[in-house]
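Notes for the one structure printed next.
Note that these values count all heavy atoms, side chains included, but never hydrogens, waters or copies made by symmetry. Each chain gets a letter, A, B and so on, in the order its sequence line appears, and its residues count up from 1.
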Protein chains: 2
Amino acid sequence: MPAAERFALYLSKHRLKMTRERRALLEHVLSVRGHFDVDDLLRRLGRTGHRVSRATLYRNLPVLVESGLIHKVEMARGQARYERMVGRHHHDHMVCLGCGDILEFESPEVERIQEEVCRRKRFVMTGHTHQIRGYCGSCAGDGRARGKER
Amino acid sequence: MPAAERFALYLSKHRLKMTRERRALLEHVLSVRGHFDVDDLLRRLGRTGHRVSRATLYRNLPVLVESGLIHKVEMARGQARYERMVGRHHHDHMVCLGCGDILEFESPEVERIQEEVCRRKRFVMTGHTHQIRGYCGSCAGDGRARGKER
DNA sequence: ATAACTGCAAAAGGTTTGCAGTGAT
DNA sequence: ATCACTGCAAACCTTTTGCAGTTAT
């Protein structure tokens, strides 16, 4: 099912409305490649003449998340980033402390171990966060990797 | 080496001073069992008559972290918690969305996989965060587990 | 018609910082 | 005598919220 349709369905199921703002937001969110934050989105929307307030963004990103179209990635110090999830499957992140770049990785084995840990502790998992911090190939070379963990 | 001595050594190495406030903070941090946040600490310090300002706490927790005596655990929505690390080894966390409880787990296998992923992507790891969210045994039973992921 | 939605501006919540005075080395 | 440290209050930053007016259904 196309993402737009999926979103429309989600909205109607929850008695939410398909507003001009949501349409604009959806369109942009689907076209971004890579990770983005609220400011990125605001800038993009502004550039294309869509006026969507910051408050509306903050109110609607959770809706996009719940509908499964995007994922929220919590970064250190309470900064949230998002990423499109349509047509993609689960993965985790490596964050470069040098250039801020985000690499992705996936490991079915880690997933399996997680599930086993939960089973053993009688814990019902609803989600997880697995981030590796460090320095990417180019940053590790130039001396910045000597900086301390933050 | 005793923790207090280790801290003193760290301080002098970095030309930092052993103040009354740092002594009080150290003492409390070592005696807490489990995880704590800045408010917990402030409350505890107050209760025992030590007056340490919030600013001083915020300025010194990073020092304790750097010296390796405590670890910072970043929770969702930018809330930081800390935990004593003296005499303990690495572990990760399972956070109960029902009661807020934090369970710990460790998996040498996950660590191994992480390292391998980093090697493959030429990523120099300096740290990682691995949290499982969900509901602990007691909370999963009472219907709260039906709540949505947050 | 009626809920839900939006923008605005204020508020909140956690953390950081400038300043002037204090204290460890 | 230095230079780091402290408390205070103000500043910051990201996110949330109350309100009054707007719009999708």
Indicate yes or no: does A:R33 engage A:E83 in a salt bridge with an N to O separation below 4.0 Å.
no
Would you mind reading off the distance between B:L57 atom CG and C:dT17 atom P, rounded to a whole angstrom?
16 Å
Return the 5'-most residue of the pair B:K17, A:K17 with respect to DNA chain D, ranking by each residue's nearest nucleotide.
B:K17
DNA chain D: 5'-proximal contact among B:R15 and B:T56 (nearest heavy atom)
B:R15
Gap between atoms CZ and P, on A:R51 and D:dT23 respectively (whole Å):
12 Å
B:R22 side-chain proximity, nearest of C:dT6, D:dC5, D:dG7
D:dC5
Check the distance between C:dG21's C1' and B:E21's CD and give it to me in whole angstrom.
13 Å
For B:L16 and B:D39, find the nucleotide of DNA chain C closest to each by heavy atoms; which residue's nucleotide sits nearer the 5' end?
B:D39
I want to check one thing: is the phosphate of C:dT25, taken as OP1 and OP2, less than 4.0 Å away from some side-chain N or O of B:S12?
no
Round to the nearest Å and state the distance from B:L61 atom CG to D:dT6 atom C1'.
15 Å
Looking only at side-chain atoms of B:R54, point me to the closest of D:dC3, D:dT17, C:dT15.
C:dT15
So which nucleotide from D:dG7, D:dT15, D:dT25 ends up closest to the side chain of A:M18?
D:dT25
Nearest-Å distance for atom pair CG/C1', residues A:L9 and D:dT25:
16 Å
Under 30°, 30 to 60°, or over 60°: which ring-plane class applies to A:H130 and B:H130, parallel, tilted or perpendicular?
parallel
Name the closest nucleotide to the B:A80 side chain, picking from C:dG23, C:dC8, C:dT15.
C:dT15
Taking the basic N atoms (NZ, or NE/NH1/NH2) and the acidic carboxylate oxygens, is any pair closer than 4.0 Å for B:E27 and B:R44?
no
Rounded to the Å, how far apart are B:Q79 CD and C:dA12 C1'?
13 Å
Distance below 4.0 Å between B:N60 side-chain N/O and D:dT6 OP1 or OP2:
yes
Tell me the interatomic distance from A:L11, atom CG, to C:dA4, atom P, rounded to whole angstroms.
13 Å
Is it true that A:R119 and A:E115 make a salt bridge, defined as a side-chain N closer than 4.0 Å to a carboxylate O?
no
Proximity to the side chain of A:T19 - top-ranked nucleotide from D:dA24, C:dT17, C:dG23
D:dA24
Quick check: any donor-acceptor pair below 3.5 Å linking the side-chain of A:R59 to the base of C:dG7?
yes
Just to confirm, is there a sub-4.0 Å distance from OP1 or OP2 of C:dT16 to any side-chain nitrogen or oxygen of B:Y58?
no
Paired with A:H35, the side chain to side chain donor-acceptor pair (under 3.5 Å) test is passed by just one of A:H71, A:R84, A:H93, namely A:H93
Length of the CZ-P vector between B:R81 and C:dT15, whole Å
11 Å
